[in-house]
Protein chains: 2
Amino acid sequence: MDELVEQTKALASDVRLSILGWLKEPGRHFPDQLSGDPEEVGVCVSLIAKKLGVSQPTTSRHLELLRRAGFVKVRRIAGWAFYARDEAELKAYQRRLHDTV
Amino acid sequence: MDELVEQTKALASDVRLSILGWLKEPGRHFPDQLSGDPEEVGVCVSLIAKKLGVSQPTTSRHLELLRRAGFVKVRRIAGWAFYARDEAELKAYQRRLHDTV
DNA sequence: CATATAATTAGCTAATTTGCTATATCGCGT
DNA sequence: ACGCGATATAGCAAATTAGCTAATTATATG
């Protein structure tokens, strides 16, 4: 149950819901990523920060929260950190939420 | 989206998840309610407070939060306030969450 | 090796949340 | 009208969260 609360907290934020929404179609929402195909590797922090309109460190913390909750995974290449959804975990969460509440 | 965040915040609490869980089987979890059948009218605040182990005012606030989120409805009879799940709204929320995240 | 770029971590402030106690309010019975 | 029981509201303190800037780490490049 504790884990479920932590995951729910991770979703209880407009900023983080936006991020997860955008990452459903990374190519559409981040077409100007030069360092790699968003659909393939994920989206880097700076682009998400820019789209959110908040600072890059703040964005980094939101992403870390989502990662600890299991909803996104990171792939580090060179200096970049590319974030992508973890669809399996998102599904698992919704199933567990459905069973609990 | 804003409404979705508010509802998610309402769920992001161990106390409130416990309440919603108990209210799935009110008769089982609150068998000693004298003032009315839990399955019929809902569960009164004091019994929930006692089971939670927090004060009555604190419980009242959690319930008000859940009510504003739409997840429970109140039925006031005499001096009591009986709380019960709003299954339709809970379903609707999960559907909307599924569509968004 | 120095610089530049990307991200994270630290450290701070302001706002929100959660608990409590004390104080209303509301309906019923005497 | 008065008092009693059940809730709700007010007001306060502690903890958590979200934002920022500044500093650190890591990697590539001149």
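What you see below is based on every heavy atom in this structure, not just the backbone, and it leaves out hydrogens, waters and symmetry mates. Just so it is clear: chains get the letters A, B, ... in the order the sequence lines come, proteins before strands, and each one is counted from 1.
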**Polar side-chain contact Q56(A)-dA6(C) base: donor and acceptor under 3.5 Å** = no
**Asked** Axis-to-axis angle across the helix from dC1(C)-dG30(D) to dT30(C)-dA1(D), five pairs an end, to 10 degrees?
**Response** 10°
**Complete:** Checking dA7(C), dT7(D), dC20(C) against the side chain of W80(B) (C-beta onward), the nearest is dT7(D)
**Complete:** Picking from dG19(C), dG19(D), dT9(C), the nucleotide nearest the side-chain atoms of V15(B) would be dG19(C)
**Request:** On DNA chain C, check which nucleotide each of R61(B) and P57(B) is closest to and give me the residue with the more 5' one.
**Result:** R61(B)
**Request:** Return the value, rounded to whole Å, for the distance between atom CG of D14(B) and atom P of dG19(C).
**Result:** 8 Å
**Prompt:** Quick one: is Y83(A) getting a side-chain N or O under 4.0 Å of the dA6(C) phosphate, OP1 or OP2?
**Reply:** no
**Prompt:** Looking across every strand, which nucleic acid part, if any, lies under 4.0 Å from R16(B) by heavy atom: base, sugar-phosphate, or nothing?
**Reply:** sugar-phosphate
**Asked** Which pairs count as salt bridge (Lys or Arg N to Asp or Glu O under 4.0 Å) when at least one residue sits in residues 60-73 of chain B, sequence neighbours excluded?
**Response** E64(B)-R67(B), E64(B)-R68(B)
**Message:** Just so I know, are the side chains of Q33(A) and F82(A) near enough to count as touching, which here means a heavy-atom distance under 4.5 Å?
**Reply:** yes
**Prompt:** Would you say T58(A)'s side chain and V54(A)'s backbone share a donor-acceptor pair under 3.5 angstrom?
**Reply:** no
**Request:** Among dA6(D), dA7(C), dT18(C), find the nucleotide with the atom closest to the side chain of C44(A).
**Result:** dA7(C)
**Prompt:** dT8(C) C1' sits how many Å from R68(A) CZ, rounded?
**Reply:** 13 Å
**Request:** Pick base, sugar-phosphate or nothing for R76(A), based on heavy-atom distances below 4.0 Å to the nucleic acid.
**Result:** sugar-phosphate
**Asked** Are any side-chain N or O atoms of K51(A) and backbone N or O atoms of H29(A), one a donor and one an acceptor, separated by less than 3.5 Å?
**Response** yes
